[in-house]
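Values in this document were obtained by computation on a predicted structure and should not be read as measured data.
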Amino acid sequence: METKYMTLNQERNVSLTAYLQKTGSEFTNISARPAVLILPGGGYQICSEREMDPAAMAYLKAGYQAFILRYSLGEHAVWPNPLKDYEQAMRMIREHAEEWGICRDKIAVIGFSAGGHLAACAASMSENRPDAAILGYPVITEESAHVWERTAPDAAKAVDRNTCPCFVFATRTDSTVPVKNSLRFIQALEEHNISFESHIYAYGPHGFSTADASVLDPQMPVCGRVHRWVADSIGWLKEMLGDFGPDGITKPLCKRWANGNSADYLSVDCTIGYLMQNRQARPLLGGMMGSAGKQEASGMGSSMSQEGMEVMMQSMTLREALQYGQVPAETIELLQGKLARIENRQNGLLR
């Protein structure tokens, strides 16, 4: 493994450390690796050592290239300096992707506490957005952010359709960064149809990092499942970005949006209610939805009201409804081909 140390801004003491593993040669199936950019916490005053190398080693073991950004702190943490530091680091990583053995479209950011705030902002308001974000007990709301840096923005308010998929974890009893920060960000992700996974553990202190005895006092009361976030986040990244396969990185199993409503073109993965509002899509559904709906109703039993059925059909994707209605796969794919030619634009909707 090769280690590189790069100064990004000498005046603000900003640096990037790279841990780069070999590709090719003995790693016959790996020509490039996914990567993680780690943003440690510390209230925009320090960069916590416990949230740097210990976290990096876990992802290195999983096969990722790992980077650690020491961003602007203290008097230099005035916004948007930290975000500029992130932009510079991500731009450098992507520009050197081939040289450093990195898949330039498979780079995740990992942030803890104040670093979680910076990671959430990177996911939602940066020019060089990551492909996925892992947020550990993150500062999110303006109220909490201003405790540490009075110029820091509210990260949840910046979430939009282009926010990358997120993995969020925290503990219910965190008294330093209240759990409402994580919950507010998760709510914003849901409101904008962004794919996410979340783990709110029952109890534990703030700043638990990887939550094993090498970084956390064994006498510290912490939920026995907290340490699982590391393995869970790696599993989630494999689903979002792809995993190592015999011929390189496999295709992702999970899409960036919870359904197709936010994509550039329509599809059978859009919700039925969304498609029924579109002038071009509505005629394509025709009687197909009628037969699928009847099959759906019979499967649910006669106890479901018509109103309840309508609510369910509004939130269900077209693919789910057709599959439940036992519509042949080739018919579904034929419909998919027709929908995929329709741009998903507001002016196509019935109002």
Side-chain angles (χ1 to χ4, degrees), residues 105 123-124 129 131-132 156 158-168 185-198 236 238-242 250-351:
D105 61 345
S124 297
R129 298 196 186 190
D131 301 294
V159 172
D160 60 18
R161 70 178 292 274
N162 294 317
T163 296
C164 67
C166 295
F167 182 101
V168 185
F185 197 74
I186 291 168
Q187 180 184 15
L189 294 173
E190 192 281 330
E191 290 170 352
H192 287 83
N193 198 32
I194 305 300
S195 291
F196 69 85
E197 180 169 326
S198 65
W236 176 79
K238 291 177 180 180
E239 294 171 349
M240 295 304 313
L241 304 180
T250 60
K251 291 183 178 181
L253 297 176
C254 188
K255 298 179 180 179
R256 64 175 299 147
W257 295 296
N259 55 53
N261 293 0
S262 301
D264 294 331
Y265 289 84
L266 299 183
S267 72
V268 292
D269 294 310
C270 294
T271 61
I272 298 167
Y274 190 80
L275 290 172
M276 291 298 286
Q277 295 179 78
N278 188 286
R279 284 194 177 93
Q280 293 176 270
R282 193 170 185 174
L284 297 177
L285 274 59
M288 188 176 294
M289 282 312 305
S291 60
K294 290 176 182 178
Q295 181 70 27
E296 187 86 26
S298 64
M300 293 297 178
S302 58
S303 61
M304 178 171 284
S305 67
Q306 180 64 30
E307 181 181 359
M309 177 60 67
E310 290 176 0
V311 170
M312 184 184 68
M313 295 293 280
Q314 288 291 310
S315 60
M316 180 177 285
T317 67
L318 179 58
R319 185 189 298 275
E320 291 170 331
L322 295 178
Q323 288 177 337
Y324 198 92
Q326 299 181 356
V327 174
E330 55 269 25
T331 303
I332 296 176
E333 288 310 307
L334 180 62
L335 182 57
Q336 165 62 22
K338 293 179 179 179
L339 288 171
R341 292 193 285 268
I342 303 175
E343 286 189 86
N344 188 6
R345 298 187 297 183
Q346 280 293 110
N347 60 9
L349 296 179
L350 292 171
R351 292 299 182 191

* **For Glu343, side chain to side chain donor-acceptor pair (under 3.5 Å) partners two or more places apart** =>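 Glu343 satisfies side chain to side chain donor-acceptor pair (under 3.5 Å) with no residue once adjacent residues are dropped.
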* **Partner set under side chain to side chain donor-acceptor pair (under 3.5 Å) for Gln336, not counting sequence neighbours** =>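 Once residues adjacent in sequence are excluded, Gln336 has no partner under the side chain to side chain donor-acceptor pair (under 3.5 Å) criterion.
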Below 4.5 Å, heavy atoms only, C-beta onward: do [X] and [Y] meet side chain to side chain?
X      : Y      : value
Leu322 : Leu335 : yes
Tyr265 : Ile342 : no
Ile272 : Thr317 : no
Met240 : Pro165 : yes
Phe196 : Glu190 : yes

* **Pairs where residues 258-272 contributes a residue and the test salt bridge (charged side-chain N to carboxylate O under 4.0 Å, His left out) is met, not counting sequence neighbours** =>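 Output for this query lists Arg161-Asp264, Lys255-Asp269, Asp269-Arg319.
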Restricting to non-hydrogen atoms, name the atom on [X] and the atom on [Y] that form the minimum distance, rounded to 0.1 Å.
X      : Y      : answer
Arg256 : Asn162 : NH2-O, 2.9 Å
Ser267 : Gly260 : OG-CA, 4.3 Å
Leu241 : Ala132 : CD2-CB, 4.4 Å
Pro283 : Arg279 : CD-O, 3.1 Å
Leu339 : Ala281 : CD2-CB, 3.9 Å

Atom pair [atom1]/[atom2] of [X] and [Y] - distance to nearest 0.5 Å:
X      : Y      : atom1 : atom2 : answer
Arg341 : Leu266 : CZ    : CG    : 12.0 Å
Leu189 : Cys166 : CG    : SG    : 5.0 Å
Phe185 : Ile194 : CZ    : CD1   : 9.0 Å
Glu320 : Ser315 : CD    : OG    : 8.5 Å
Cys270 : Asn278 : SG    : CG    : 9.0 Å
Thr271 : Leu318 : OG1   : CG    : 9.5 Å

* Asked: Can you list the residues that meet the salt bridge (charged side-chain N to carboxylate O under 4.0 Å, His left out) rule with Asp160, with sequence neighbours excluded?
  ->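 Arg129.
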* **Between Ser124 and Thr163: side-chain donor-acceptor atoms closer than 3.5 Å** =>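 Yes, a side-chain donor-acceptor pair sits under 3.5 Å.
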* List the steps, then state whether side chain to side chain contact (heavy atoms under 4.5 Å, CB included) holds for Leu275 with Arg282. => CA-CA 6 Å; Leu275 290 172; Arg282 193 170 185 174; over 6 Å; no
* **Which residues share a side chain to side chain contact (heavy atoms under 4.5 Å, CB included) with Asn193, sequence neighbours left out** =>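 Testing Asn193 for side chain to side chain contact (heavy atoms under 4.5 Å, CB included), a comparison that skips the adjacent residues, returns Trp257, Ala258, Asn259, Asn261, Ser262.
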